[in-house]
Number of protein chains: 2
Amino acid sequence: MNAPRRASYHHGDLHRSLLDAADIELELNGIEKFSLRAVAKRASVSHGAPAHHFGNADGLLTALATRGYGGFIAAQDRRENLAGDSPRAKLAASGLGYIDFATAHPALFRLMFTSERTDKANPSLADAANAAFEKLTRHIETIQHRDPYTDQLAMADVLACWGIAHGLADLMISGRLGRATFLAEMSEEERDAFFAEIILRGVSPQRGV
Amino acid sequence: MNAPRRASYHHGDLHRSLLDAADIELELNGIEKFSLRAVAKRASVSHGAPAHHFGNADGLLTALATRGYGGFIAAQDRRENLAGDSPRAKLAASGLGYIDFATAHPALFRLMFTSERTDKANPSLADAANAAFEKLTRHIETIQHRDPYTDQLAMADVLACWGIAHGLADLMISGRLGRATFLAEMSEEERDAFFAEIILRGVSPQRGV
DNA sequence: GCGCCGAACTTGACAGTGTCTAGATTGGCG
DNA sequence: CGCCAATCTAGACACTGTCAAGTTCGGCGC
């Protein structure tokens, strides 16, 4: 079928293969030990091959980050589909999906949000990041009946919720939440409820409507 | 006075000089482009010299992160001293100091919180990080009259406030808060008040007492 | 006051990295 | 069917961190 047809000089779909290999290498070694040559070796290709598809190492990482946002949004959708119908339940679920993704793909999450090896001017990457942000603003808009882009109070809710979800996710994958010993003793449902409650602290008490 | 007495073979206080040089190099180039040889060159010393004081590059970075926590706590103290007497005002001020430090030393902040090049098992580093955490727990304890280490509700407040401050700081230094355009138009006082209000959302409504 | 020991520092070598250039291969269009 | 251009390889270069061996010298014992 799609066996690695590599009796040939050309590859077939090296672009995707390189992204897959880079993904694996990234999670294995982290961004700070990321090696382009190791990626090439994993894809069974010469060390110079990636340049033709991605320009340089940062280009490959930028493409990987862009692809990452797909999984990022999918993780949030998955949670939302399991949640209740209330706008607040959807928002909390989205936040849990945010944390899910970070814990499942910590290195990729770091690449997407805190690495400097990504070209933030890249239009595809910017679009992908923007889509994720849009998702959040619409949740808040549904809850507060105000457009965060024009209403400063609604934007405060956006930043608050984002900050909480992002902060918890980042602290979690750097192992900083270990001091809250009871977290480890909780069941999955209890932990979800615990984080959901914290995330919802980000939205200010409903005014009007 | 303490001019660089470097007509001599030995250096005098290379340990400190290397940390200073590493600090500068870190903020200039970021962690991902950090070069040990560039640090040595900046300290006017051979590329092999750092090894004698710090073992390897990660050892130097670990020491730098440890020293960083001093400035981190100092930044929070500075804000607290300017704040009102109420426990909540102190907590909010501490959070603003958290953000102050991140924006003033973004690369060092990254090294301390999200880099993998730091030896988290190092006792000095662990102690320093712990002191910063202790600071936060005592703020919450003062507000809620409960010990976060034994009271799960109080610990939720700790994680919530930490998550918000950390998330905002991290998003801010990665330039993600630019979409909230009104932030740039605010005066310093307005922005402080804006963030302080958000940070205080982390503490749940006071129960009892 | 003197010698010498060990800490501090230098120097050179080594494997590994990303990027560039020149050359080999080959799928697919005219 | 032939050739072009995209794809991939192979080698070279400068740079990285680490290691081992050699050089310098402050400060302790006598």
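Numbers restart at 1 for each chain; the letters A, B, ... are given by sequence-line order, proteins then strands. Scope of the values below: all heavy atoms of this structure, side chains included, with no hydrogens, waters or symmetry mates.
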Original post:
Quick one: are the ring centres of Tyr98(A) and Phe195(A) less than 6.0 Å apart?
Top reply: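 Centroid distance Tyr98(A)-Phe195(A): not below 6.0 Å, so no.
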Original post:
Considering only heavy atoms and no angle criterion, is a donor-acceptor pair shorter than 3.5 Å present between the side chain of His47(B) and the base of dG12(C)?
Top reply: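 A donor-acceptor contact between them is present.
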Original post:
dG17(D) base to Arg37(B) side chain: any donor-acceptor pair below 3.5 Å?
Top reply: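 Present.
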**OP:** Looking at every strand, decide which applies to His53(B) at a 4.0 Å heavy-atom threshold: base, sugar-phosphate, or nothing.
**Re:**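 Sugar-phosphate, backbone atoms only, no base.
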Original post:
Base, sugar-phosphate, or nothing for Ala49(B), non-hydrogen atoms under 4.0 angstrom?
Top reply: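 Counting heavy atoms under 4.0 Å across all strands, the contact made by Ala49(B) includes a base.
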Original post:
Picking from dT7(D), dG17(D), dC9(C), which would you name as closest to the side chain of His52(A)?
Top reply: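 Among dT7(D), dG17(D), dC9(C), the one nearest the side chain of His52(A) is dT7(D).
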Original post:
Nearest of dG18(C), dT9(D), dG11(D) to any side-chain atom of Ser46(A)?
Top reply: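 Minimum distance to the Ser46(A) side chain belongs to dT9(D).
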Subject >> Any pair counted as salt bridge (charged side-chain N to carboxylate O under 4.0 Å, His left out), so long as it reaches residues 97-119 of chain A, sequence neighbours left out >> reply: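 Counting only pairs at least two positions apart or across chains, the salt bridge (charged side-chain N to carboxylate O under 4.0 Å, His left out) contacts touching residues 97-119 of chain A are Asp58(A)-Arg117(A), Arg79(A)-Asp100(A), Arg110(A)-Asp170(A).
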Original post:
Taking only N and O in the side chain of Ser35(B), is any of them less than 4.0 Å away from OP1 or OP2 of dG17(D)?
Top reply: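 Result: yes.
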Original post:
Looking only at side-chain N and O atoms, does Asn56(A) come under 4.0 Å of OP1 or OP2 in dT19(C)?
Top reply: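 Yes, within the criterion.
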Original post:
Any donor and acceptor pair, going by atom type alone, linking the side chain of Asp157(B) with main-chain N or O of Ser204(B) inside 3.5 Å?
Top reply: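 At least one qualifying donor-acceptor pair exists.
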Distance, rounded to the nearest Å, where [X] contributes [atom1] and [N] contributes [atom2]:
X: Leu18(B); N: dG17(D); atom1: CG; atom2: C1'; answer: 15 Å
X: Arg117(B); N: dT16(D); atom1: CZ; atom2: C1'; answer: 10 Å
X: Glu32(A); N: dG17(D); atom1: CD; atom2: C1'; answer: 15 Å
X: Phe54(A); N: dT7(D); atom1: CZ; atom2: P; answer: 12 Å
X: Asn29(B); N: dT16(D); atom1: CG; atom2: P; answer: 10 Å
X: Leu36(B); N: dC15(D); atom1: CG; atom2: C1'; answer: 13 Å
X: Leu14(B); N: dA7(C); atom1: CG; atom2: C1'; answer: 13 Å
X: His15(A); N: dC8(D); atom1: NE2; atom2: P; answer: 12 Å

Original post:
Would you say the side chain of Glu134(A) lies within less than 4.5 Å of the side chain of Thr137(A), judging by non-hydrogen atoms?
Top reply: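 Thr137(A) reaches Glu134(A) side chain to side chain.
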Subject >> With Asp127(B) via side chain to side chain donor-acceptor pair (under 3.5 Å) - residues at least two apart >> reply: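 Not a single residue meets the side chain to side chain donor-acceptor pair (under 3.5 Å) criterion with Asp127(B).
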